[in-house]
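Pasting a structure here, questions to come.
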Amino acid sequence: MPELPEVETVVRDLRAAGIEGQRVLRARVRTADVIGAPHPRRFAACIAGCTITAIRRRGKYIVLALSSGDTLLVHLRMTGRLRFRSPGEPWAAHEHVSLVLHDGRELRYQDTRRFGRWHLLDDAAPVLERLGPEPLDAHFTAARFGALLACRTRQIKPLLLDQRVIAGLGNIYADEALWDAGLHPERPAASLGARDAQRLLRSIRKVLRRGLSGLGTTLGRGQTHFYSVAGRRGRNQGRLRVFRRTGRPCPRCGTPIARLKVAQRSTHICPRCQRPVQDRH
DNA sequence: GCCCTTTCCTGGAAGC
DNA sequence: TGCTTCCAGGAAAGGG
């Protein structure tokens with residue numbers, strides 16, 4: 001499940017593999033519905049001959065700037081993966097798009113569940129501007145975060161998963177951050193005080209940086225789990241404190257981790273460290 | 001505008 | 001063992 005640390009790992013891998021400066025000789029689209037815009041034929045026609053001038057991440061989007069002025073947005077959603085293949089290598093299972101590069105490699109997109117989308121846009125700003133602030137951006141202060149929470153009646157966890165509020169968090173890092181901050185996921189956002197907001201932002205940054213340094217989280221094996229461009233598993237799964245650790249002791253107090261549903265999403269908490277309402281007992 | 005529910009999709013786990 | 005059922009997840013659409 002690629003979230004901010006996993007997408008950033010993919011972007012860094014692609015940059016290290018020399019994607020910037022590569023000219024796309026042609027695009028091959030095997031599964032039309034993976035191309036969100038424009039029509040797959042037009043997509044292939046527009047991208048052919050373009051040079052990839054820069055790659056970056058915004059939220060969970062991979063953002064590729066092209067010499068034509070267009071922007072290619074790739075969202076991996078649940079099971080999307082990018083990898084390099086040798087020229088003309090047959091399609092593997094669940095491979096949907098291929099960019100044939102001028103140095104001979106093919107950048108292939110594989111996505112078992114086909115939730116991911118590619119968008120080729122002349123102006124990506126309307127999509128990217130819908131996203132909330134980057135949690136690791138130094139300009140995003142605790143005061144700004146507190147202000148975002150103060151006017152929301154929603155529960156804090158679904159709010160953290162809302163990309164319009166804050167960009168890049170998914171189920172894993174939201175659970176980890178709430179545990180780290182000692183906050184119950186069902187707390188109404190507006191019930192958090194300034195100090196809670198400050199602590200939560202600090203925890204969000206801590207778990208994201210830990211995920212980044214571990215090159216992402218890979219919870220299982222097989223086609224539905226995260227692998228970087230180099231086909232490498234992440235190492236952060238061994239550092240998770242609550243996510244998918246139901247019944248195992250809380251690293252802080254030893255209480256068994258509980259699993260509950262919050263806004264339809266499986267959620268992992270320590271029932272002792274994360275109380276629904278603040279009490280001092 | 002905000003919030004909640006539903007939908008998309010398929011491998012793999014769980015249940016019988 | 002083999003079959004069926006259900007769950008996992010991010011984001012967008014639709015409804016209140």
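Only a predicted model underlies this, so the values are computations on that prediction, with no experimental measurement involved. Chain letters run A, B, ... following the sequence lines, proteins first, then strands; residues in each count from 1.
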For atom CD of A:Glu186 and atom P of B:dC4, their distance in whole Å: 11 Å
A:Trp91 ring centre to A:Arg108 NZ or CZ under 6.0 Å, with the angle to the axis within 45°? yes
Whole-Å distance between B:dC3 C1' and A:Leu161 CG? 14 Å
Which part of the nucleic acid, if any, lies within contact of A:Arg77, taking any heavy atom under 4.0 Å across all strands shown: a base, the sugar-phosphate backbone alone, or nothing? base
Establish, with yes or no, whether the OP1 or OP2 oxygen of B:dC8 is under 4.0 angstrom from a side-chain nitrogen or oxygen of A:Arg113. no
So which one's nearest nucleotide on DNA chain B is more toward 5', A:Arg117 or A:Thr153? A:Thr153
Which atom names give the shortest non-hydrogen contact between A:Asn171 and A:Arg265, and what distance separates them? OD1-CB, 4.0 Å
Within the structure, does a side-chain N or O atom of A:His225 lie under 4.0 Å from either OP1 or OP2 of B:dG11? no
Closest-nucleotide ordering on DNA chain B, the 5'-leading residue of A:Asp33 and A:Leu159: A:Leu159
Atom CG of A:Leu131 and atom C1' of C:dA11: how far apart are they, to the nearest Å? 11 Å
Presence of donor-acceptor pair under 3.5 Å, side chain of A:Arg265 and base of C:dG10: yes
Counting only side-chain N and O atoms of A:Arg114, is one of them less than 4.0 Å from OP1 or OP2 of B:dC8? no
Mind running side-chain contact (heavy atoms from CB on, under 4.5 Å) on A:His96 and A:Arg114 for me, showing each step along the way? CA-CA 9 Å; A:His96 308 297; A:Arg114 279 191 280 140; 3.3 Å; yes
Does A:Tyr61 reach a base, just sugar-phosphate, or nothing at all? Heavy atoms under 4.0 Å. sugar-phosphate
Does C:dG9 have its OP1 or OP2 closer than 4.0 Å to a side-chain nitrogen or oxygen of A:Ser266? yes
Expressed in angstrom and rounded to an integer, what is the separation of A:Lys157 atom NZ from B:dC4 atom C1'? 16 Å
C:dA11 C1' sits how many Å from A:Leu160 CG, rounded? 16 Å
Between A:Val100 and A:Val24, is a side-chain contact (heavy atoms from CB on, under 4.5 Å) present by the stated rule, with each step listed? CA-CA 6 Å; A:Val100 182; A:Val24 180; 6.0 Å; no
With a non-hydrogen cut-off below 4.0 angstrom, is A:Tyr173 in contact with a base, only sugar-phosphate, or nothing? nothing
Without decimals, in angstroms, what is the distance between A:Arg152 CZ and B:dC4 C1'? 14 Å
So, for A:Arg235 and A:Ser213, which heavy atoms are closest and what is the spacing to 0.1 Å? NH2-O, 3.9 Å
Below 4.0 angstrom from OP1 or OP2 of C:dG9, is there any side-chain N or O of A:Arg244? yes
If you look at every strand shown and take non-hydrogen atoms under 4.0 Å, does A:Gln264 touch a base, only sugar-phosphate, or nothing? base
Report the distance from atom NZ of A:Lys60 to atom C1' of C:dA11, rounded to the nearest whole Å. 8 Å
So does A:His75 get a side-chain nitrogen or oxygen closer than 4.0 Å to the phosphate oxygens (OP1/OP2) of C:dA11? yes
Euclidean distance, atom CG of residue A:Leu76 to atom C1' of B:dC9 [Å, nearest integer]: 16 Å
Nearest heavy-atom pair of A:Val242 and A:Glu176: which atoms, and what distance? N-OE2, 2.9 Å
Pick the closest DNA chain C nucleotide for A:Arg130 and for A:Phe115 by heavy atoms, then say which residue is nearer the 5' end. A:Phe115
